[in-house]
Amino acid sequence: MADLQLINVEKAYGEVKVLANINLDIKKGELIVFVGPSGCGKSTLLRMIAGLEKITAGDFLIDGERMNDVPPAQRGIAMVFQSYALYPHMTVRDNMSFALKIAKKSPAEIEAAVAKAARILQLEPYLDRLPKALSGGQRQRVAIGRSIVRDPKVYLFDEPLSNLDAALRVATRIEIAQLKESMPHSTMIYVTHDQVEAMTLATRIVVLAGGGISQVGAPLELYERPQNEFVAQFIGSPAMNLMAGEVVETGPQTRVMLANGGVAVSSVPTIQSDRGRRVNIGVRPEDLLATTGAAIFTGEVEFTEALGEVTLLYCKRQGKDAQVVAKLPGIHNELRRKTVSLGADPAKVHLFADGQSLLYR
Amino acid sequence: MDNIVGKKPALTWAVNISMAVLVALWLFPTLGLLVSSFRTADQIASSGWWSSLGTQERQVPAIRVEGTEVEVDGRFVIEGRLFDTTDARVSAWGTSSRQPEAYAPGQVVDLDGGATLTVIEDGTYVLSSPVTTEGTRLPRIFSTAATPPEFTTENYRAILFDPKNTDGMAKAFFNTLTVTIPATIIPILVAAFAAYALAWMDFPGRALLIAAIVGLLVVPLQLALIPLLKLHNDIGIGKGYLGTWLAHTGFGLPLAIYLLRNYMVGLPRDIIECAKVDGASDFQIFTRIILPLSFPALASFAIFQFLWTWNDLLVALVFLIDSTGETTVMTKQIVELLGTRGGNWEVLATAAFISIAVPLMVFFAMQKYLVRGLLAGSVK
Ligand SMILES: Nc1ncnc2c1ncn2[C@@H]1O[C@H](COP(=O)(O)OP(=O)(O)OP(=O)(O)O)[C@@H](O)[C@H]1O
Ligand SMILES: [Mg+2]
């Protein structure tokens with residue numbers, strides 16, 4: 001229920017700058033997902049928003065109000081920790097009502113809020129149990145319930161599902177999606193390692209890397225039009241193939257002569273002066289197709305991984321270059337040790353120069 | 001793989017054996033003290049405490065025949081009993097110290113001058129003589145008898161409940177309690193607050209303060225006794241309970257703060273941050289979250305402090321006990337008893353057992369916290 005603004009926010013531990021130049025506008029009702037490699041500062045940024053970590057430079061505003069020095073409790077936020085952080089000596093009911101008791105709400109009000117949250121999260125049978133008598137998934141729901149009862153302006157989740165097994169993850173992810181849908185006006189910030197969570201839950205994804213923001217955008221925007229090689233390889237699994245080459249033809253379509261002998265055509269437009277420029281083309285494994293015409297890549301399939309609906313081909317050109325991964329629909333184990341020619345739709349071929357996409361300039 | 005997974009038999013045995021040795025080392029003296037405190041001085045002098053537990057066959061010290069002489073059919077007869085109890089069983093007897101087991105029970109033995117003597121199994125004897133035995137030395141009876149265990153609570157009555165007994169422990173017992181209970185509670189209260197601040201609140205100089213406390217752990221308390229007493233006298237506290245409580249509090253605090261801080265630091269950071277986000281103040285976090293979660297550590301320190309103040313003699317001598325003796329504590333009282341009643345083992349054993357009984361009860365009631373509290377911090 002609030003707009004958040006981060007202006008040139010920076011975090012330093014002593015001399016070490018962990019985060020710098022963070023500029024981000026989060027609108028009311030958005031679900032923002034922070035992704036990035038381990039150690040890139042996702043938790044740190046979230047904790048700065050929560051007020052658990054000092055902001056060493058820059059401004060953080062909620063609804064236009066500067067929050068840098070406001071204690072966590074008065075920021076109108078609720079946080080769900082990766083470790084759940086339930087109070088082990090309190091029953092589920094007491095866990096959920098703790099914040100309200102601290103805020104000196106009336107017993108009737110507390111009772112109603114807890115009952116409502118318990119109903120939404122199907123926690124009613126467990127209200128009088130201690131956390132140790134709950135399963136991981138139930139504990140996670142209690143942690144979420146504890147934040148719901150406070151009706152905060154902003155919800156913060158730090159890898160809330162990473163302690164759950166795969167099936168429970170999916171179920172809880174869907175619950176969170178439904179929860180978000182039932183509270184269209186709440187703003188949520190969600191940290192995760194899991195691409196699927198990021199892609200399915202996010203209104204916008206923030207990719208953090210190297211102490212800054214790499215790209216901010218809707219999930220499919222990041223997937224289809226990554227701004228740089230890092231985002232291109234980080235989003236999508238397996239990662240996008242990058243192959244070095246040289247621009248030989250410019251215009252509305254660009255032709256690239258690849259170092260591996262292939263030829264790629266991309267529908268990313270280029271200008272005259274780009275001719276001869278060293279670039280990397282990027283093609284997602286799922287966009288590579290067997291072709292009989294001009295191939296981007298020709299090489300031997302070193303081994304295959306059949307996953308049922310798709311088969312992953314790991315190809316190499318006789319000990320040279322990097323591996324190229326292709327994802328073909330169906331089961332193709334017979335392709336092992338065969339030589340394949342792979343091409344792609346020009347619209348699916350990305351162009352990067354110096355790590356940056358040529359689409360954005 | 002055997003020595004990675006599964007048990008190491010040799011080690012298990014070593015653990016079991018040393019465990020048994022430790023248990024024995026602790027158990028036997030305690031049990032001996034307990035048993036001895038229920039025995040009379042004579043029993044303690046004549047046999048070990050372990051032999052008093054079951055029916056025991058032993059040589060009874062010589063008993064001289066005594067009783068009123070009755071004339072029956074021209075013979076002078078004395079009847080009597082060797083033992084007060086009727087449960088004793090005589091297995092052999094004699095009339096001289098050289099042959100204490102010469103006769104079987106029920107055997108009629110001729111003595112000098114035509115007299116006869118019989119001792120039957122239950123310890124009754126009959127001496128029959130043709131002339132009156134009045135004025136002569138009656139014979140002694142040596143007997144070997146099996147007697148059932150025999151215990152008395154007389155020692156406890158005398159030491160605890162006899163108002164005339166100046167060596168009594170009752171007053172000392174209550175004085176010790178008066179010292180111990182506040183001297184346990186006050187440091188815990190203070191230390192818990194300090195430990196929370198040192199563990200979870202950020203303020204300048206925190207690391208130095210912690211270092212200072214660790215440093216204080218190794219300061220011998222003897223160093224501070226006299227200066228502290230002078231200080232107490234100067235500010236008008238003098239000798240008394242207040243000064244003793246303060247002294248125990250001061251001497252106990254470094255360890256208390258150190259133990260509790262280490263425990264509290266080990267509590268999950270997320271829980272405390274979550275409480276902060278939930279709006280709890282430091283005081284609320286302390287009372288609602290930290291204190292309940294630190295209960296094992298609090299309990300284990302309470303046990304330590306209780307035992308140490310209970311067994312303390314030095315601090316009490318310096319800060320409490322004055323010439324009136326009104327404020328004597330049990331440890332002091334036992335020292336006095338050693339001087340005045342040094343030979344009376346039954347008195348000493350009883351006094352000693354009274355003074356260890358309370359720590360024992362405390363220990364057994366709280367031992368699960370002691371174990372948990374000691375592991376605290378080392379294992380998550
Ligand atoms: N107290 C600290 N002092 C110095 N550096 C710190 C401190 N806390 C965190 N860092 C550094 O800040 C960086 C960001 O940490 P952070 O926990 O935010 O990473 P993250 O993106 O959440 O990683 P993960 O995905 O593994 O949880 C890390 O490189 C870490 O080493
Ligand atoms: Mg993290």
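Protein chains get the first letters and strands the later ones, always in sequence-line order, with residue 1 at the start of each.
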- Heavy-atom distance under 4.5 Å to chain B: side chain of L86(A), backbone, both or neither? backbone

- Are K104(A) and E109(A) close enough for a salt bridge, meaning some N to O gap below 4.0 Å? no

- Candidate list L4(A), D3(A), I77(A), I62(A), test side chain to side chain contact (heavy atoms under 4.5 Å, CB included), partner K153(A), passing option: I62(A)

- Task: Measure I289(B) against the heavy atoms of chain A and call it side chain, backbone, both or neither at under 4.5 Å.
- Result: both

- Kindly state whether the ring of Y190(A) and the ring of F34(A) have centres lying under 6.0 angstrom apart. no

- Return the option, out of R288(B), K276(B), R269(B), with the maximum number of heavy-atom pairs under 4.5 Å with chain A. R288(B)

- Message: Heavy-atom pairs under 4.5 Å with chain B - which of A103(A), A99(A), S147(A), P72(A) has more of them than the others?
- Response: A99(A)

- Note on the structure: chain B shares the most heavy-atom pairs under 4.5 Å, among R75(A), R150(A), Q82(A), H89(A), with H89(A)

- Closest non-hydrogen contact found for A256(B) with F301(B) is CB-CZ, 3.2 Å

- Atom group of E273(B) that falls short of 4.5 Å from chain A, counting heavy atoms: both

- What part of A78(A) gets closer than 4.5 Å to chain B, counting heavy atoms only: side chain, backbone, both or neither? backbone

- Query: Is there side-chain contact between P296(B) and Y263(B), with heavy atoms separated by less than 4.5 Å?
  - Reply: yes

- Under 4.0 Å between a Lys/Arg side-chain N and an Asp/Glu carboxylate O for K101(A) and D94(A)? yes

